[in-house]
*Asks:* 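I'd like to ask you about the structure that follows.
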Amino acid sequence: MNSKTVLFKENEKKNEVKKMFDSIAPKYDFLNRLLSAGIDNYWRKKTLKLADANENTILFDVACGTGDVAIMARKLGVKNIFGADFSHNMLSLFEVKSEWIKGKDIQIAAENIPVKDESFTLITVAFGVRNFYDIPAAFKEFQRVLKPGGKSAILEFRMPSNPVVKALYIFYFKNILPFFGKLISGHPTAYKYLPDSVEDFDKNVDLVKLFKEAGFTKAQRHSLTFGIAQVVIAEK
Ligand SMILES: C[S@@+](CC[C@H](N)C(=O)[O-])C[C@H]1O[C@@H](n2cnc3c(N)ncnc32)[C@H](O)[C@@H]1O
């Protein structure tokens with residue numbers, strides 16, 4: 001990583017990430033739709049389908065933000081939905097978009113979940129895990145609060161391996177996205193942090209390995225859209 005990289009020191013990550021999402025919350029949904037040309041919702045739907053979300057699912061959407069995974073899950077027929085995020089402003093927008101989540105959303109960190117063991121059948125995290133300050137701790141919590149046979153489904157960006165796709169992706173991610181992200185959100189670095197953290201995460205984090213270390217029996221990676229996104233599903 002060069003000196004212009006926007007990444008947070010381990011001990012500052014929790015507060016800095018929280019501050020960043022509190023700050024960009026009002027523009028978050030608009031920028032998501034614009035900068036991904038709407039494909040982000042297709043990825044959320046695909047994640048829920050790969051995890052076999054259905055009317056019997058008890059879903060806990062962690063790092064739920066403004067609620068787009070939970071909203072998609074409801075469209076797919078999931079009735080029991082809970083959400084968690086440590087950003088107050090992201091959660092408030094979720095409640096504005098979806099009255100039904102009120103009382104079923106909690107402001108907590110993924111690394112410390114104040115919920116009793118074996119409460120859920122599915123935990124989802126979309127574009128959140130890269131921001132966690134302690135992924136092994138979060139995965140241990142996921143393992144604890146999932147019922148036996150429950151699943152955890154992670155949707156996250158990836159660096160594509162195809163050299164042509166990778167070159168286009170890097171150009172877009174490092175030039176166009178930070179420019180419009182800064183212009184519209186007004187945040188100086190949030191949309192530079194996005195590509196920097198994806199690159200860093202891709203180099204250093206193996207989600208399948210981390211799930212196994214947290215005690216999950218199976219963990220499988222699925223590649224989406226030329227490898228620019230991935231879904232990892234792990235089973236308890
Ligand atoms: C890129 S947003 C994704 C929001 C939503 N899942 C979506 O699909 O649009 C990342 C979210 O993760 C939350 N987050 C990051 N680290 C977290 C942590 N350690 N515990 C709880 N929430 C966290 C942020 O506050 C933010 O709302």
Side-chain angles (χ1 to χ4, degrees), residues 7-8 10 13-14 17 40 42-54 56-65 68-70 72-73 76 78 80-86 106 108-161 194 197-236:
L7 288 175
F8 305 117
E10 211 122 292
K13 193 170 180 183
K14 181 178 181 183
V17 167
D40 56 320
Y42 159 75
W43 288 335
R44 291 184 184 91
K45 185 172 183 178
K46 184 83 189 169
T47 303
L48 288 160
K49 294 224 164 189
L50 283 168
D52 193 26
N54 59 58
N56 300 316
T57 299
I58 307 169
L59 174 65
F60 189 36
D61 185 31
V62 175
C64 62
D68 282 349
V69 172
M72 180 60 76
L76 295 177
V78 181
N80 254 318
I81 303 177
F82 302 85
D85 200 289
F86 66 11
I106 40 174
I108 51 140
E111 289 81 354
N112 187 9
I113 300 174
V115 169
K116 71 174 169 45
D117 298 359
E118 302 187 359
S119 294
F120 309 105
T121 63
L122 175 61
I123 294 176
T124 46
V125 184
F127 310 112
V129 78
R130 178 174 31 88
N131 303 299
F132 288 177
Y133 55 89
D134 189 344
I135 302 175
F139 282 7
K140 274 196 194 119
E141 282 291 74
F142 291 5
Q143 160 79 9
R144 182 183 65 75
V145 300
L146 273 174
K147 290 179 186 289
K151 288 179 189 162
S152 180
I154 308 288
L155 169 62
E156 194 48 86
F157 287 111
R158 257 208 117 172
M159 296 302 286
S161 51
L194 171 58
S197 61
V198 170
E199 204 173 6
D200 181 65
F201 184 80
D202 203 57
K203 268 190 206 141
N204 298 313
V205 181
D206 182 342
L207 290 173
V208 170
K209 186 166 166 268
L210 289 175
F211 268 128
K212 296 223 165 129
E213 285 170 3
F216 285 82
T217 47
K218 289 185 215 157
Q220 203 186 351
R221 187 192 310 279
H222 306 260
S223 192
L224 306 183
T225 319
F226 306 111
I228 64 176
Q230 60 179 326
V231 178
V232 177
I233 312 255
E235 216 172 301
K236 175 164 170 178

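In this chain, numbering begins with 1 at the start of the sequence shown.
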*Asks:* Could you pull out the closest heavy-atom pair between S197 and R130, with the gap in Å?
*Replies:* OG-NH1, 2.9 Å

*Asks:* What is the distance from atom CZ of R44 to atom CE of M72, rounded to the nearest 0.5 Å?
*Replies:* 8.0 Å

*Asks:* Could you report the tightest heavy-atom contact between V115 and S119, atom names first, then the distance?
*Replies:* CG1-OG, 3.3 Å

*Asks:* Would you say that R221 contacts D206 through its side chain, given a criterion of any heavy-atom pair below 4.5 Å between the two side chains?
*Replies:* yes

*Asks:* Can you confirm whether I135 sits close enough to F201 that some side-chain heavy atom of one is under 4.5 Å from a side-chain heavy atom of the other?
*Replies:* yes

*Asks:* Once you measure the plane-to-plane angle for W43 and F127, does it fall in the parallel (<30°), tilted (30-60°) or perpendicular (>60°) bin?
*Replies:* tilted

*Asks:* Measuring from Y42:OH to T225:OG1, what's the distance to the nearest 0.5 Å?
*Replies:* 5.5 Å

*Asks:* Is there side-chain contact between N56 and T121, with at least one heavy-atom pair below 4.5 Å?
*Replies:* no

*Asks:* With a 4.5 Å cut-off on side-chain heavy atoms, are V17 and F8 touching?
*Replies:* yes

*Asks:* Set out, in order, the CA-CA distance, both residues' side-chain angles and the distance that settles side chain to side chain contact (heavy atoms under 4.5 Å, CB included) for K151 and L146, then state yes or no.
*Replies:* CA-CA 7 Å; K151 288 179 189 162; L146 273 174; 5.7 Å; no

*Asks:* Does a side-chain heavy-atom distance below 4.5 Å link V69 with L155?
*Replies:* no

*Asks:* On a heavy-atom basis, which atom in V78 and which in T57 lie closest, and how many Å separate them?
*Replies:* CG1-O, 3.8 Å

*Asks:* Should F82 and I106 count as side-chain neighbours, where that means a heavy-atom distance under 4.5 Å?
*Replies:* no

*Asks:* Which atoms form the tightest heavy-atom contact between K140 and A214, and what is the distance?
*Replies:* N-CB, 4.0 Å

*Asks:* For a quick test of reading the model, state the closest non-hydrogen atom pair linking I233 to A153 and the distance between them.
*Replies:* CD1-CB, 3.8 Å

*Asks:* Evaluate the side-chain proximity of F86 to N112: yes if any heavy-atom separation is below 4.5 Å, no if none is.
*Replies:* no

*Asks:* Rounded to the nearest 0.5 Å, how far apart are CG of L224 and CZ of R158?
*Replies:* 11.0 Å

*Asks:* Give the minimum heavy-atom separation between K236 and Q143, together with the two atoms involved.
*Replies:* NZ-O, 2.7 Å

*Asks:* With rounding to the nearest 0.5 angstrom, report the CG to CD distance, D117 to E141.
*Replies:* 9.0 Å

*Asks:* How long is the gap from CG on N54 to NZ on K49, to the nearest 0.5 Å?
*Replies:* 11.5 Å

*Asks:* Describe, in one word, how the ring planes of F142 and F132 are oriented to each other, choosing from parallel (under 30°), tilted (30 to 60°) and perpendicular (over 60°).
*Replies:* perpendicular

*Asks:* Any side-chain heavy-atom pair from K147 and I58 closer than 4.5 angstrom?
*Replies:* yes

*Asks:* With rounding to the nearest 0.5 angstrom, report the CD to CG distance, Q220 to L207.
*Replies:* 13.5 Å

*Asks:* Does NZ in K46 sit with more than 12 non-hydrogen atoms of other residues, nucleotides or ligands closer than 6.0 Å?
*Replies:* no

